[in-house]
There are 2 protein chains.
Amino acid sequence: MNSHQESRCENCIIRELNALKTLKKQELMAISNSKETRTIKKGDPIFKEGEKLNGVFCVRDGVSKLSKLSENGKDQIVKIAAKGEVMGQRSLIAEEAANLSAVALNDMQLCFIPKENFTESLSKNPEFIQALLKNMARELKLADDVIVNMAQKTVNQRLAGILLYLEKHCGTDAEGYLSLILSRNDIADVVGTATELCIRSLAKFKKDGLIETKGKRIKINDRNALNQLWEGV
Amino acid sequence: MNSHQESRCENCIIRELNALKTLKKQELMAISNSKETRTIKKGDPIFKEGEKLNGVFCVRDGVSKLSKLSENGKDQIVKIAAKGEVMGQRSLIAEEAANLSAVALNDMQLCFIPKENFTESLSKNPEFIQALLKNMARELKLADDVIVNMAQKTVNQRLAGILLYLEKHCGTDAEGYLSLILSRNDIADVVGTATELCIRSLAKFKKDGLIETKGKRIKINDRNALNQLWEGV
DNA sequence: TAAAAAATATGACTTTTGTCAGGTATGCTT
DNA sequence: AAGCATACCTGACAAAAGTCATATTTTTTA
């Protein structure tokens, strides 16, 4: 399979979305021969916090949550990784075990790139390092912003924020519903609140005409109002 | 002054604490000639969020807060930078304006290293890039952990956490009081709560014998209990 | 398809957090 | 040293968030 044209890294367009786009033909050929394409089912774990990773995972399709178990027994979702994102690279770079757990939010296709290939490029390809560095720097800014929002915004504001985020980053289906269907519990874990509170807030958003729901599915009706709520106007 | 032995980067030991330790003699000589040593008084701003930085600031002495103004009008302190930390490098790497504002928490001595020197080394010195990359990766882990704590811990827990953090990272004086003296308002801005609540919680900690206070100054009496509170036992 | 399990939903209540108003202490300026 | 500004502190109340119990609906599985 790996020898087939489409599964060769040289021809992969997902790469364009991340630091892997800086890899040279030679590096790509090496990776093509050692990489592994994995199919992951919704709900399946990809790696767990504390685990030593022996490679990175490039998301070809689907979406994963990256979460950490807090000492109070609750899971906090720190990041949602969609197509094109590389999971595990932070841990490899820092030479640490994984700090977060990755679980598939829907059926996924991943490319597993072995540590050896990753570190080889990391030590030899300056363009790759530069791209990684820039990527990390941008991630760090996003994380700092999340800290501010977690500390200063209310549950309603943060919930409005993630609905807008999901629409922007994961898109909507033909009927206008958010493509990524999360459980109420997962939404609560992103917001950092209890499931009940999340459900209640969604019910209020619905009553106020900001959103529509149909089972788990959510449609944004009043983007403007949600945005104003998020910004605290 | 710059030609004096002690002010030459080649002889600087602060460098050992960060990525600048990887710089070569030639690079250090160039920086020595263009760098600027700045004395900043307590409360003075170093840079503001949104500002385009034309260099990085290496903390020689003193402590700075890095904060961001939330849309609700409150400042959130995202990081406390002590001796050896380099401020502004994230912005230069990402080629973005500063995301945070830096203000001195006590009298400081900073080395300002111009952007040109920084980016020169960034493009030519692989060891420097590697060190920066590792640094960013570690910072990102810390930020992710703060996100989890902000989302999942109570005000009391977070307050206990920062007291322990201040003791560990900024030390104590001869009498055992925390060396870094913050206003109640600044402590509240780290915790992400209102000043009144911060004061109340400190009063409770005092009543329970966890800490002692003398004006602004705080002494940790029961490290163990604070730690258990932090961990939520 | 029926039963079981899981997820969603709602009500009642508690705890935590935030806010406002006012008081006291502290330090700085003139 | 008096006056002023600032920071610290406290009480009373309001709002937000968390918890527990218990439906109701949806999904899974036997």
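To find a chain, count down the sequence lines: A is the first, B the second, and so on, and within it residues start at 1.
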Quiz item: How long is the line joining CD1 of B/Ile218 and C1' of D/dC8, in whole Å?
Solution: 12 Å
Quiz item: Which residue pairs pass the ring-ring contact (aromatic ring centres under 6.0 Å, His included) test with at least one member in residues 135-189 of chain A, sequence neighbours excluded?
Solution: A/Tyr165-A/His169
Quiz item: Can you name the side-chain contact (heavy atoms from CB on, under 4.5 Å) partners of A/Ala151, sequence neighbours left out?
Solution: B/Gln76, B/Met150
Quiz item: Hey, are A/Asp173 and A/Arg217 close enough for a salt bridge, meaning a charged N less than 4.0 Å from a carboxylate O?
Solution: yes
Quiz item: Residues from residues 100-108 of chain B sitting under 4.0 Å of DNA chain D, heavy atoms only?
Solution: none
Self-check item: Whole-Å distance separating the CD1 atom of B/Ile187 from the C1' atom of D/dC9
Solution: 14 Å
Quiz item: How long is the line joining CD1 of A/Ile199 and C1' of D/dT26, in whole Å?
Solution: 13 Å
Quiz item: Can you name the side-chain contact (heavy atoms from CB on, under 4.5 Å) partners of B/Lys48, sequence neighbours left out?
Solution: B/Glu51, B/Ser101
Quiz item: Which of these nucleotides, C/dA9, D/dT10, C/dT10, is closest to any side-chain atom of A/Ala203?
Solution: C/dT10
Self-check item: End-to-end axis angle, where each axis spans five pairs of the helix from C/dT1-D/dA30 to C/dT30-D/dA1, to 10°
Solution: 40°
Exercise. Give, for atom CG of B/Leu140 and atom CZ of B/Arg90, the distance between the pair rounded to the nearest 0.5 Å.
Key: 11.0 Å
Practice problem: Would you kindly give the CZ-to-P distance between A/Arg217 and C/dT8, to the nearest whole Å? | Solution: 14 Å
Quiz prompt | Listed nucleotide nearest any side-chain atom of A/Thr154, set D/dA17, C/dT17, D/dC9 | solution = D/dA17
Quiz prompt | Qualifying residues under side-chain hydrogen bond (donor to acceptor under 3.5 Å, both in side chains), relative to B/Asp208, sequence neighbours excluded | solution = B/Lys204
Quiz prompt | Selection residues 141-151 of chain B - residue pairs positive for side-chain hydrogen bond (donor to acceptor under 3.5 Å, both in side chains), sequence neighbours left out | solution = A/Lys68-B/Asp145, A/Asn99-B/Lys141, A/Asn99-B/Asp145, B/Lys141-B/Asp145
Quiz prompt | Near-strand residues of residues 224-233 of chain A, defined as heavy-atom separation under 4.0 angstrom from DNA chain C | solution = none
Practice problem: With sequence neighbours left out, write down each residue that passes side-chain contact (heavy atoms from CB on, under 4.5 Å) with A/Ala160, or none if nothing qualifies. | Solution: A/Phe205, A/Leu226, A/Leu229, A/Trp230
Exercise. Output the distance between atom CD1 (B/Ile218) and atom CG (B/Leu180), rounded to the nearest 0.5 Å.
Key: 10.0 Å
Quiz prompt | Shortest side-chain distance from B/Lys216, nucleotide among D/dA17, D/dA7, C/dG18 | solution = D/dA7
Self-check item: salt_bridge(B/Lys52, B/Glu96) N-O dist < 4.0 Å
Solution: no
Quiz item: At what distance, to the nearest 0.5 angstrom, does CZ of A/Phe118 lie from CD1 of A/Ile113?
Solution: 8.5 Å
Quiz item: What integer distance in Å separates A/Lys204:NZ from D/dA17:C1'?
Solution: 15 Å
Quiz item: Should B/Thr195 be listed as having a side-chain N or O under 4.0 Å from OP1 or OP2 of D/dA7?
Solution: no
Quiz item: Got a sec, which pairs hit ring-ring contact (aromatic ring centres under 6.0 Å, His included) with one end in residues 35-82 of chain A, sequence neighbours left out?
Solution: A/Phe47-A/Phe57, A/Phe57-A/Phe112
Exercise. Can you tell me the distance, in whole Å, between the CD1 atom of A/Ile181 and the P atom of D/dT27?
Key: 10 Å
Self-check item: B/S/- contact track for nucleotides 19-30 of chain C, protein heavy atom under 4.0 Å
Solution: BB----------
Quiz item: Could you give the CG-to-C1' distance, from A/Asn156 to D/dG18, as a whole number of Å?
Solution: 14 Å
Quiz item: Between A/Lys79 and A/Glu139, is there a side-chain N and carboxylate O pair less than 4.0 Å apart?
Solution: yes
Quiz item: By side-chain hydrogen bond (donor to acceptor under 3.5 Å, both in side chains), which residues pair with A/Arg38, not counting sequence neighbours?
Solution: A/Glu36
Self-check item: d(NZ, A/Lys214; P, D/dT26) in whole Å
Solution: 12 Å
